[in-house]
Amino acid sequence: MNDLRAPDGRLLFSRAELACKGTGMLRLAPGFGEKLVALRLAFGQPMTVTSCCRAAAHNARVGGHPRSLHVADDPSHPTGGTAAIDIAMRDGVYALKLLGAAERLGWAVGINFAKNFIHLDRRADFGIGDPRLFSY
């Protein structure tokens, strides 16, 4: 997979920022790239990706949940690739705008105030649960 671009060719997400930080693997769930593009266009602001695709071994090293939707090579989910992304939270206004855009597009949203990031995933697309707002 290469970079994700807008229909006009603008770079929205680079391969490097979406790939596993530990292995370089990049395997997105079917349709997830298109959902990322739609989110970025709806939000209309820069996003700093802190995590997207993870290999199971890297996920374990960073203390991620074993059934995380970030994990692309985990057979416990029927996603066929990663279906989650974490975005750095700049401030409260930024967070509220991103939450609004994500919820309008059917994303599940998690906020980690202690680590200052917003988790977004497409769990409902794969029958794993309904979109919801949660914190951890």
Side-chain angles (χ1 to χ4, degrees):
M1 194 208 106
N2 294 320
D3 303 331
L4 295 179
R5 297 187 175 274
D8 65 8
R10 285 179 293 132
L11 177 66
L12 300 179
F13 294 98
S14 71
R15 184 188 197 294
E17 66 187 332
L18 298 177
C20 177
K21 306 294 187 239
T23 67
M25 174 184 68
L26 181 56
R27 185 181 314 149
L28 301 181
F32 189 67
E34 291 84 357
K35 301 286 173 95
L36 284 172
V37 167
L39 175 66
R40 176 66 178 80
L41 292 173
F43 183 51
Q45 293 184 27
M47 295 178 176
T48 301
V49 177
T50 60
S51 183
C52 187
C53 187
R54 293 184 198 155
H58 179 70
N59 187 63
R61 279 193 300 276
V62 300
H65 192 282
R67 292 179 45 85
S68 170
L69 287 168
H70 287 282
V71 178
D73 55 352
D74 181 355
S76 66
H77 290 303
T79 61
T82 193
I85 190 167
D86 294 340
I87 305 294
M89 190 168 22
R90 295 179 180 186
D91 58 42
V93 172
Y94 179 92
L96 287 173
K97 287 180 180 178
L98 181 54
L99 294 175
E103 286 190 311
R104 282 190 300 278
L105 295 173
W107 290 78
V109 179
I111 304 172
N112 189 318
F113 292 104
K115 294 186 178 179
N116 206 36
F117 71 87
I118 298 170
H119 168 92
L120 303 168
D121 70 54
R122 297 300 306 188
R123 65 186 65 206
D125 293 351
F126 301 97
I128 299 169
D130 293 326
R132 61 187 175 128
L133 176 62
F134 59 96
S135 66
Y136 53 116

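Everything numeric in this text was worked out from a predicted model, so none of it was measured. Values below: every heavy atom of this structure, side chains too, minus hydrogens, waters and symmetry copies.
Contact annotation: the side chain of C53 never approaches that of F32 to less than 4.5 Å [non-hydrogen atoms, C-beta and beyond]. At a threshold of 4.5 Å between non-hydrogen side-chain atoms, the residues L39 and F13 do not count as touching. Using a 4.5 Å cut-off on side-chain heavy atoms (C-beta onward), N112 and H119 make no contact. Put simply, the side chain of V71 does not reach to within 4.5 Å of the side chain of T79, judged on heavy atoms. At a threshold of 4.5 Å between non-hydrogen side-chain atoms, the residues T82 and C20 do not count as touching. Contact of the S68 side chain with the D121 side chain is not registered, since no non-hydrogen atoms from C-beta on lie closer than 4.5 Å. At a threshold of 4.5 Å between non-hydrogen side-chain atoms, the residues T48 and R90 count as touching.
The shortest heavy-atom contact between D73 and A56 is OD1-N, 2.8 Å.
Hydrophobic cluster membership differs between L18 and V62, with clusters built from Ile, Leu, Val, Met, Phe, Trp and Tyr side chains linked at under 4.5 angstrom.
The CZ atom of R54 sits 10.0 Å away from the NZ atom of K21 when rounded to the nearest 0.5 Å. To the nearest 0.5 Å, atoms OH (Y94) and CD1 (I118) are separated by 7.0 Å. Between the CG atom in L28 and the CZ atom in R122 there is a gap of 13.0 Å [rounded to 0.5 Å]. Distance check, rounded to the nearest 0.5 Å: NE2 of H77 to CD1 of I128 gives 5.0 Å.
Checked by atom type and distance alone, the side chain of R40 pairs as donor or acceptor with a backbone atom of Q45 at under 3.5 Å.
The pair K35-D125 meets the salt-bridge criterion, since a charged nitrogen lies less than 4.0 angstrom from a carboxylate oxygen.
Residue D91 places its CG atom among more than 12 non-hydrogen atoms of other residues, nucleotides or ligands, all under 6.0 Å distant.
Screening I87, L36, L120 against M47 for a side chain to side chain contact (heavy atoms under 4.5 Å, CB included) leaves a single residue, I87.
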